[in-house]
**Q** 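Here it is, the structure in full.
Numbering of residues begins at 1 and proceeds along the displayed sequence.
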Amino acid sequence: MKIQKEHILDYNKSGLENHNENFDFLANKLSKKGHNVQDIVSRLADFQVAIPSWALGAGGTRFGRFSFFGEPSSLEQKIEDVGVLHSLTQTAGAVSLHIPWDIPSDYNAIKEKADALNIKFDAVNSNTFQDQKDAAETYKYGSLSNTSQAVREQAIQHNLDVIKIGDKLGSKALTVWLADGSCFPGQNNFQTAFQNTQDSLIDIYKGIPEDWKLLIEYKPYEPNFYSTVIQDWGASLMLANGCGDKAFTLVDLGHHLPNSNIEQIVSILQLKGKLGGFHFNDSKYGDDDLTVGSIKPYALFLIFNELVYGMANNPQNPDLAWMIDASHNVKDPLEDLIQSLEAIQEAYAKALLIDQAALKAAQLDNDVVKCQEILQGAYRTDVRPLLEKARLSRGGVISPIDAYRSLDVRGQLIKERGKNTVATGL
């Protein structure tokens with residue numbers, strides 16, 4: 001399915017007058033406070049978030065999976081779904097593939113389809129947390145950290161193969177997440193596991209093209225519950241430093257113990273020039289992979305405050321890779337992704353409204369109350385008209401969720417694909 005421009009124009013007609021009134025009111029108020037509204041809108045319009053190929057179908061739990069019908073059963077259909085998201089939101093201009101779930105059968109055809117939908121290929125993701133069909137070795141007891149050299153070599157080669165696939169598509173980064181760890185005390189030697197992982201990552205790093213990045217993800221627990229080899233940002237940072245200048249830490253918002261100060265982690269990594277990118281989601285208890293901003297929207301805003309400051313003040317840190325990483329158990333996956341994109345843009349817009357100079361002055365004066373007032377003043381602003389204007393400026397819709405339903409996108413997908421299709425992935 002492809003949403004045509006005339007569908008978007010027809011949909012926007014009914015809401016344009018109301019949007020203009022709301023935008024003009026907000027723009028006038030913000031201009032009086034000294035904000036460059038057009039600059040904020042432009043920055044929002046330029047901000048693009050990659051959609052993971054594995055999140056376009058229904059997710060699931062250990063106990064069950066419930067389809068939403070019309071799911072994409074091929075990589076071509078997944079890219080079409082990203083095209084639908086991008087047509088509506090104008091924020092989803094990239095797709096992040098997971099290998100081996102989404103290996104192209106025809107690279108030229110896949111690139112042509114993506115180009116036609118203005119979709120780029122973001123970071124490619126390797127998979128050594130599952131045994132693959134006909135694999136000679138098992139990852140039951142780890143991959144890059146395994147005590148077996150044969151297992152490690154298989155995992156290294158898989159990552160090198162993923163790099164080659166991404167290079168053919170125009171990707172510029174490899175993301176490595178390991179499930180490696182232990183479930184019981186004494187199962188692993190911590191130092192041996194960590195050193196094996198470092199050595200394996202160095203071998204992978206040697207295969208990274210000159211203009212690529214290696215993004216190293218971390219997670220405190222799951223699927224192993226006693227220890228994880230790359231358990232936190234410090235372990236990731238040490239491994240990245242051990243590889244070289246093209247290796248960075250990747251932050252997944254769900255990969256932290258409860259009440260971790262993620263905004264501080266982000267800030268320090270940027271200061272050290274080692275923040276490579278993000279996996280956006282939300283959580284209540286652990287790695288819940290819920291809709292971005294659905295549980296802790298203020299925490300997301302505080303993270304973006306540090307990101308905005310870091311992007312302006314830390315030129316030593318490279319441009320960041322932005323991606324959603326969520327699981328859709330009870331929502332239409334495309335609606336869930338639309339809501340996540342909206343929440344990310346909203347947090348970014350509010351962070352752009354923070355008067356950084358005034359905040360710095362209040363910090364120097366130790367005026368704690370003033371600091372809080374500045375942050376919460378920006379947070380309490382209804383920035384949705386700015387998001388709408390940014391979408392309109394690129395040819396998107398005023399209200400993506402409403403348009404998605406008005407255009408009966410899921411119904412059209414079911415007509416095209418049927419009810420029995422199942423997307424590849426978790």
Side-chain angles (χ1 to χ4, degrees), residues 98-100 123-163 173-208 212-252 254-258 260 265 268-269 272 274-277 279 286-287 325 426:
H98 205 296
I99 309 300
V124 283
N125 302 259
S126 60
N127 180 341
T128 61
F129 53 83
Q130 293 175 325
D131 285 345
Q132 305 305 325
K133 185 179 179 180
D134 300 325
E137 306 292 339
T138 178
Y139 297 132
K140 182 176 182 178
Y141 299 110
S143 58
L144 298 183
S145 72
N146 203 294
T147 54
S148 165
Q149 183 176 346
V151 175
R152 297 198 303 273
E153 288 177 352
Q154 177 180 282
I156 291 167
Q157 187 58 52
H158 170 68
N159 278 275
L160 294 175
D161 292 342
V162 172
I163 293 169
L174 168 70
T175 298
V176 175
W177 174 72
L178 299 182
D180 294 25
S182 59
C183 286
F184 299 99
Q187 179 181 336
N188 281 353
N189 180 287
F190 294 140
Q191 293 185 14
T192 299
F194 192 83
Q195 189 59 56
N196 284 345
T197 301
Q198 180 72 85
D199 294 341
S200 298
L201 286 171
I202 289 173
D203 285 342
I204 295 168
Y205 185 81
K206 292 174 183 176
I208 293 284
W212 273 50
K213 300 172 188 171
L214 173 61
L215 305 177
I216 303 173
E217 201 170 345
Y218 59 89
K219 188 176 182 179
Y221 67 93
E222 195 187 39
N224 289 286
F225 289 92
Y226 176 64
S227 73
T228 301
V229 175
I230 313 179
Q231 79 276 22
D232 57 24
W233 68 281
S236 171
L237 178 60
M238 282 191 286
L239 292 168
N241 285 335
C243 287
D245 294 340
K246 296 180 292 184
F248 302 88
T249 292
L250 183 139
V251 175
D252 184 306
H255 289 188
H256 299 85
L257 295 174
S260 293
I265 295 171
I268 301 305
L269 285 171
K272 295 300 181 180
K274 279 295 182 177
L275 180 63
H279 282 181
D287 188 22
D325 187 4
L426 291 176

**Q** Restricting to pairs with a member in residues 175-186, which pass side-chain hydrogen bond (donor to acceptor under 3.5 Å, both in side chains), not counting sequence neighbours?
**A**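 Sorted pair list: S143-D180, S145-D180, S182-S227.
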**Q** Are side-chain N/O atoms of E153 and Q149 paired as donor and acceptor at under 3.5 Å?
**A**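 Checked: E153/Q149 side chains pair up, N/O donor to acceptor below 3.5 Å.
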**Q** Which atom pair, heavy atoms only, marks the closest approach of Y218 to H256?
**A**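 Scanning both residues completely, I find the closest heavy atoms to be OH-NE2, 2.7 Å.
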**Q** Is it true that a side-chain atom of Q132 and a backbone atom of Q130 form a donor plus acceptor pair closer than 3.5 Å?
**A**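 Yes, the answer is positive, given that a donor and an acceptor are paired below the 3.5 Å cut-off.
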**Q** Could you check whether any side-chain N or O of S236 sits under 3.5 Å from a backbone N or O of I216, counting only pairs where one atom can act as donor and the other as acceptor?
**A**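 Flag set: sc S236 to bb I216 pair under 3.5 Å.
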**Q** Test of understanding: with side-chain contact (heavy atoms from CB on, under 4.5 Å), list the residues that count as partners of A247, not counting sequence neighbours.
**A**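 Scan of A247 (side-chain contact (heavy atoms from CB on, under 4.5 Å), adjacent residues dropped) gives Y205, L214, A240, C243.
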**Q** If you round to the nearest 0.5 Å, how far is CG of D245 from NZ of K213?
**A**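 K213 atom NZ to D245 atom CG measures 13.0 Å (nearest 0.5 Å).
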**Q** Do D232 and I265 have side chains that approach each other closer than 4.5 Å (heavy atoms only, starting at C-beta)?
**A**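 They are not in side-chain contact.
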**Q** Which atom names give the shortest non-hydrogen contact between Y221 and D287, and what distance separates them?
**A**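 Scanning both residues completely, I find the closest heavy atoms to be OH-N, 4.2 Å.
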**Q** Please report the shortest heavy-atom distance between T249 and L237, naming the atom on each side.
**A**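 The answer is OG1-N, 3.4 Å.
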**Q** Any donor-acceptor pair under 3.5 Å linking the side chain of N146 with the backbone of Y139?
**A**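 No: the side chain of N146 does not pair with the backbone of Y139.
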**Q** Partners of H158 by ring-ring contact (aromatic ring centres under 6.0 Å, His included), sequence neighbours excluded?
**A**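 Not a single residue meets the ring-ring contact (aromatic ring centres under 6.0 Å, His included) criterion with H158.
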**Q** Quick one: closest heavy-atom pair of F129 and N127, and the distance?
**A**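 That closest heavy-atom pairing would be N-OD1, 3.1 Å.
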**Q** Assess the side chains of Y141 and Q187: does a donor N or O sit below 3.5 Å from an acceptor N or O?
**A**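 No.
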**Q** Please give me the minimum heavy-atom distance between T228 and N224, naming the atom from each residue.
**A**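 Scanning both residues, the minimum pair turns out to be OG1-O, 3.9 Å.
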**Q** Look up atom CD1 in I99 and atom CG in D161, then write down how far apart they are to the nearest 0.5 Å.
**A**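 I99 CD1 to D161 CG: 10.0 Å, rounded to 0.5 Å.
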**Q** Could you give the distance from NE2 (H279) to CD (E217), rounded to the nearest 0.5 Å?
**A**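 Output value for this atom pair is 5.0 Å.
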**Q** Counting only heavy atoms from other residues, nucleotides and ligands, does the tally under 6.0 Å from NZ of K246 exceed 12?
**A**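 More than 12 within 6.0 Å, yes.
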**Q** Without swapping roles, check the side chain of D252 against the backbone of G254 for a donor-acceptor pair under 3.5 Å.
**A**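 It does hold such a pair.
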